[in-house]
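The residues of the chain are indexed from 1 along the displayed sequence. These values consider heavy atoms only, across backbone and side chains, with no hydrogens, waters or symmetry-generated copies.
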Amino acid sequence: QVQLVESGGGLVQAGGSLRLSCAASGRTFSSYSMGWFRQAPGKEREFVAAFSRIGGSTAYADSVKGRFTISRDNAKNTVYLQMNSLKAEDTAVYYCAATMTYYSSRYPSQYDYWGQGTQVTVSS
């Protein structure tokens, strides 16, 4: 079992930046690949970024590539999402998730644990 708690969301103007954090507790953090997903009102949850537990590979949705960066600090049991050049369409609730798969999965169904989410609102 692992518990995930996101923080760092808020209101920002278009073009601005935010850094989301996800603190994990419970079983060994380094045993999990970690992902960020988001869900806007009336839309399905979508993949944003992921960081594998083996090899340190990352994956990004095309819509955020070049603007967002996922990183992890296993010593702090924390995964981060640095979001730059934010756009109004990035507005959503952002969730972090953990999976035992060894690669950076894009599929929500492969994630076993989820945080409660943090709201990001980008004003245009």
query = Is Lys65 salt-bridged to Asp62, going by a charged N under 4.0 Å from an acidic O?
reply = yes
Would a 4.5 Å heavy-atom cut-off, applied to side chains only, mark [X] and [Y] as touching?
| X | Y | value |
| --- | --- | --- |
| Gln39 | Tyr95 | yes |
| Gln1 | Tyr113 | yes |
| Tyr107 | Thr99 | no |
| Phe68 | Leu86 | yes |
| Arg67 | Tyr60 | no |
| Met83 | Trp36 | no |

If Ile, Leu, Val, Met, Phe, Trp and Tyr residues are connected whenever their side-chain heavy atoms lie under 4.5 Å apart, and connections chain through other members, are [X] and [Y] in the same group?
| X | Y | answer |
| --- | --- | --- |
| Tyr94 | Val2 | yes |
| Tyr111 | Leu4 | no |
| Met100 | Phe29 | yes |
| Val48 | Trp114 | no |

Examine the side chains of [X] and [Y] and answer whether a donor and an acceptor come within less than 3.5 Å of each other.
| X | Y | answer |
| --- | --- | --- |
| Ser57 | Ser52 | yes |
| Tyr32 | Arg53 | no |
| Ser105 | Gln110 | yes |

Tested for side chain to side chain contact (heavy atoms under 4.5 Å, CB included) against Arg38, the lone hit among Asp90, Leu81, Val120 is Asp90
Exactly one of Ser21, Cys22, Cys96 clears side chain to side chain contact (heavy atoms under 4.5 Å, CB included) with Tyr80, and that residue is Ser21
| message | Taking Glu6's backbone N and O only, do any of them form a donor-acceptor pair with Thr118's side chain (distance below 3.5 Å, no angle check)? | response | no
Gln116 side chain to Val5 main-chain N or O, any donor-acceptor pair under 3.5 Å? no
State the [atom1]-[atom2] distance between [X] and [Y], to the nearest 0.5 angstrom.
| X | Y | atom1 | atom2 | result |
| --- | --- | --- | --- | --- |
| Gln119 | Leu11 | CD | CG | 9.5 Å |
| Ile70 | Gln82 | CD1 | CD | 12.5 Å |
| Met34 | Thr78 | CE | OG1 | 9.0 Å |
| Asn74 | Thr28 | CG | OG1 | 10.0 Å |

Arg106 and Ala59 have their tightest heavy-atom pair at NH2-CB, 4.0 Å
